[in-house]
Structures are given as C-alpha cells and as structure tokens.
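To start, the structure under review is shown below, and the notes come after it.
Nothing here was measured: the structure is a model prediction, and the numbers come from that model. Throughout, a chain's letter reflects where its sequence line sits, starting with A, and its residues are numbered from 1.
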2 protein chains.
Amino acid sequence: MKEGPDIAQIGSLIGDPARANMLTALTGGKALTATELAGTAGITLQTASSHLSKLEAGGLIAQRKQGRHRYFTLADDDVGLMIEGLMGFAAYRGFTRHRTGPKDPALRKARVCYNHLAGDYGVRMLDSLVAEEVIAGVGDKLQLTPSGEGKMTALGIDLPALVRSRRPVCRACLDWSERRSHLSGSLGQALLTLFLDKGWARREPDSRAVRFTGTGEKEFARLFPLPAPSAVERHDQHTVEA
Amino acid sequence: MKEGPDIAQIGSLIGDPARANMLTALTGGKALTATELAGTAGITLQTASSHLSKLEAGGLIAQRKQGRHRYFTLADDDVGLMIEGLMGFAAYRGFTRHRTGPKDPALRKARVCYNHLAGDYGVRMLDSLVAEEVIAGVGDKLQLTPSGEGKMTALGIDLPALVRSRRPVCRACLDWSERRSHLSGSLGQALLTLFLDKGWARREPDSRAVRFTGTGEKEFARLFPLPAPSAVERHDQHTVEA
DNA sequence: GCGATGCTTCGGTTACGGTCGAAGTATGAA
DNA sequence: TTCATACTTCGACCGTAACCGAAGCATCGC
C-alpha cells in the first residue's frame, strides 16, 4: 500500500525470540547444526527445524549438507552487518537479556563478528589502520590505499584472492559494544584468520569471545600501534568550539 | 539465557505490518497525529493507539501534545538510522511491497531521511563534501575539517548551535536506494533546512520525495561539484588488480 | 541387511497479539 | 453548558503461529 521496502517481514523474522537467539548464535561465525541451534534457542528439534526453514526462505541463513548433518550459517556479510547493527541499537537502548553476564568483559575486549574481529580490539585495529593510512574512505565504503596494499601483502595476505572473492574488501561495521566502526569485508576476515592461524589468538569454545595470547598481544600492539589521541579518538565532541 | 543485547524485542516491534508502516511514515520526518498514522497503516484509531503506545514504550517514537492533537515523531536520529538501515537491507533483498511505484524515481533522486537529505542527491552531496575536504572520517564517524567549518559558516550555518545540540554534527547514514552513505547528523539536518528555507527545494505533499527547483539545481551543482570520477566513485571494485 | 543418529513433516493444542465496537476522558469551539 | 473532535481504555473475538508428540526420511556405521 505504500512505497518503499518492507521492513515488517524482516522484523517479524527477527522478532521471534527463538529465531533471534539462533541468529545471534550464528553471528559467532561458526557453522552450527540444527540440533545445536535448537539447544541455544531452548526449543525442540522440530520447532527449530520450522524456524530454520523460515529463516532460509527469508534469505537470512544458508545451509550446507555434510554427511547427515546440516550446517547453518548466516547467508552473507550483509546479514551479519544488519544483525550487528540491530544489536548495537538494542544495546544502546538497554534491550539486554541478562544484565551483562560474566563473559561480558571478554566479549567487549575482543570477539568475533560473523567472520571478523570486533570489540575494543576490532575498533582499535581500524583506528590504527586509518591513522597509518592503510585504509581511507568515508561511510561504510572503505578502501585500501596503495601503501596499504603493500603492508597487507607483507603481512602475508593474498590480496588478489580477496579481490577475486567478489565481496567488498574493506567495509565498516558498527560495533555494538564500542559504538564505533571496526573493519569488516574480506580483508577483515583475512586479518582475523591470520591471527588465529599464527596462534596469536584463539576462540573461546562456546562463545564469541576471542582471547589473545601473550605474543599475540605484543604482535597486535606492534602491527596496529595506537595513534596519539587524535582526531580519530574524540569522535562525538567536535572540533568546533562554541 | 544468552549474552548480549536482545534484538527480538525490536524485531517484534518492527515486525508488525501496521507498526512498520507507521515507522516508515515517520521516517519522512514530519510529526504526524495518531489519526494520520492510523490512516497510513490502514487500521482504526483504537488499534493505532495501542500500537503507538507499544512503540513509545519501546522507545522508538516520542509524542508531543499540542492542543487536542498528539504529534508523534521518531524518538531520535538513532531510530531513523536503524530504520533506514533495515530498509536498505530489505530493498537489496527484494523485500518490497509494491514493485516500484510511480513516485519511485523521484524518491531515488532526492528524498527526506528523517531529517536530512537522502537518495542520489544526498549521496552526491557527501561525495562532494569529502572530495572538497570539508568532511573527513571513517566508518559512521565523520568530522568537519577546519576548512570545512569555514565553508559551512559562509553558507550561513550556525555551527556553534549545532554543537550545542549535543547530537553528533556529522554522521554517515546508509542510503537504501543507493547503498552508499549520505550525510546525517545535525549538519545534515541543517543543510536540508537550508535548501528548503532558501526555496531551492520543497517537499512533495504526502511523500518523502524532495523536488529541487531550477535555481535549486544550479545552486546544488555549484555548492557540491561532482568530483572527477575518482576514488570515491568506484567503491566496490578495488584498485588491487589481480 | 540392521539399528542409530540427524533432521523434516504432519497433526493437534494452546496462547499470544492484532483487531474492532463501545464506552470513557480530555481539549476546544460555539 | 453543550456539542464536536482527538484520542485512550476496556472487553471480546478471532487468526495466526509457536510449540511439541509422533511418525516419516535420509545418512552413517556396522
């Protein structure tokens, strides 16, 4: 009856608590089976199956058969960004389920956001990359600078492969704990993979939390030095003095 | 039962078609009465009243009594950004209600996004501001540059007043039709107000569309020249050649 | 082949929420 | 005061969808 896109369908997909729990779980980035998702949502397998088919019909998740298991993931980066965006809004508005659990500090420090690094460390990494002029851009469209391409390649990142992936290489994703942007896109994913592969960090078993090892902390600080408290830091109060 | 913010509550608020219609209508930026909102949603006044109180309890809208009317608006910029973000996601995924109506081209060209300019013109304006180094920044955190402050003041914008408003001055908002960022925040609002006050553009009666006058077009082109097709334009395919 | 596991489909129950009619409150106009 | 408009509250109806038990497929291991 009205012009424009229909947000109600998406809203109602996310609006059910069971489905919201599943989506939140999938934001962890790992592919999960129907049984696991039923567990995290606290419902039986039959009910979960029904929810999952609805989410798939809505294009929010994708499934992949492997043996007798069905692994579910978020459909793509866009879904992850949207969910993370909603979580940011919800967190800021005080829509929380469990008044900051015990794992909360670890989650705020460093966590997985679908396939890249988020939390304090994620935000610091992007701040540093911008300060070092590895990345430039405006809005959610970011770009590698020519000098940045060199630095990333030196780190062992296969840039041509990232470009070939046909997904945006750099992208800004709003962090729900920091309310600042961190790096998403295929480069964001590649960097997280790098940390994990090098053994600098590892994922907590049943959580989105990422724990850095001792050398991991050092390497992170070396690769992504914090800029002196500058333009990037003070974001809300602007330079315009009244 | 799980950590993190609760997206289900917000989802279910938006998930009802009637409420979604109301929110979409309010994205137009004008304050609307309960009766008007009931009309756009296609429901009776009683039902609308119930929906509106739910939306208000959820913090998505605010009301202001004036005489015997109650005017409703979105609660703040954050809500507008979230809704617009969802609309972008929905549009990209093909969740549309009415297969691109007749007003659609006008909407894509220039429209109101809560309180600032969106659509092709909104995106072009931000592109130009960045190319002219009036605005710089990364992610959704943008900043006026010192030279930019001068230019905006010269345009007749009261920067100290914007700062006093305690809202972010510059902010990136994802455009659902262009899938690029445009300028939000109090500066974005001030610029749209400027266009309307100067008579360069006016709002269509019952739509979010904004129509520029002849001189408005010229002034817009003069104030916000398009950068030569450069880094800002080609955003998805990166400079890295395979 | 057989049983076990992982998941889907079917059927029936239940409950929540959207809906409207009718009545009630508040503001303004005459 | 009286009537009209703008809106809310109450109560009842009804449809949808979430939910689970049971049965049905598919795949793996043996």
- Check the distance between dA6(D)'s C1' and K65(B)'s NZ and give it to me in whole angstrom. 10 Å
- Rounded to the nearest angstrom, tell me the gap between atom CG in L13(B) and atom C1' in dG17(C). 13 Å
- Y71(B) OH to dA6(D) C1', in whole Å, measures 11 Å
- Between dT5(D), dA18(D), dT8(C), spot the one nearest the side chain of D16(A), thanks. dA18(D)
- If you round to the nearest 0.5 Å, how far is CG of L86(B) from CG of L86(A)? 5.0 Å
- Note on the structure: Out of dC7(C), dT8(D), dG6(C), minimum distance to the side chain of A34(A) belongs to dC7(C)
- Measure the distance from NZ on K54(B) to P on dG18(C) and round it to the nearest whole Å. 4 Å
- Message: Rounded to whole Å, please give me the gap between CD in Q66(B) and P in dG28(C).
- Response: 11 Å
- When rounded to whole Å, the CD to P distance for the pair Q46(B) and dA23(C) reads 13 Å
- Message: With a 4.0 Å cutoff (strictly under), does any side-chain N or O of H69(B) reach OP1 or OP2 of dA26(C)?
- Response: no
- Task: Using a strict 4.0 Å threshold on nitrogen-to-oxygen distance, state whether R171(A) and E84(A) make a salt bridge.
- Result: no
- Item | Aromatic plane relationship, F195(A) with F220(A) - under 30° parallel, 30 to 60° tilted, over 60° perpendicular | perpendicular
- Quick note, L45(A) side chain, CB onward, closest among dC7(C), dT27(D), dG18(C) is dC7(C)
- Message: Considering every strand and a 4.0 Å limit on heavy-atom distances, what is the contact class for S53(A): base, sugar-phosphate, or nothing?
- Response: nothing
- Nearest of dA4(D), dC20(D), dC7(D) to any side-chain atom of I43(A)? dC20(D)
- How many angstroms lie between atom CG of L191(A) and atom NE2 of H116(A), to the nearest 0.5 angstrom? 11.5 Å
- Query: Okay, side chain of S12(B), backbone of G15(B): is any donor-acceptor separation there less than 3.5 Å?
  - Reply: no
- Spacing between R70(B) atom CZ and dT25(C) atom C1', to the nearest angstrom: 10 Å
- Message: Expressed as a whole number of angstroms, how long is the span from F72(B):CZ to dA6(D):P?
- Response: 14 Å
- Whichever of T47(B) and S50(A) has the more 5' nearest nucleotide on DNA chain D, that residue is T47(B)
- Message: Let's see if you can work this out: which of dG18(C), dT9(D), dC20(D) has an atom nearest to the side-chain heavy atoms of R19(B)?
- Response: dG18(C)
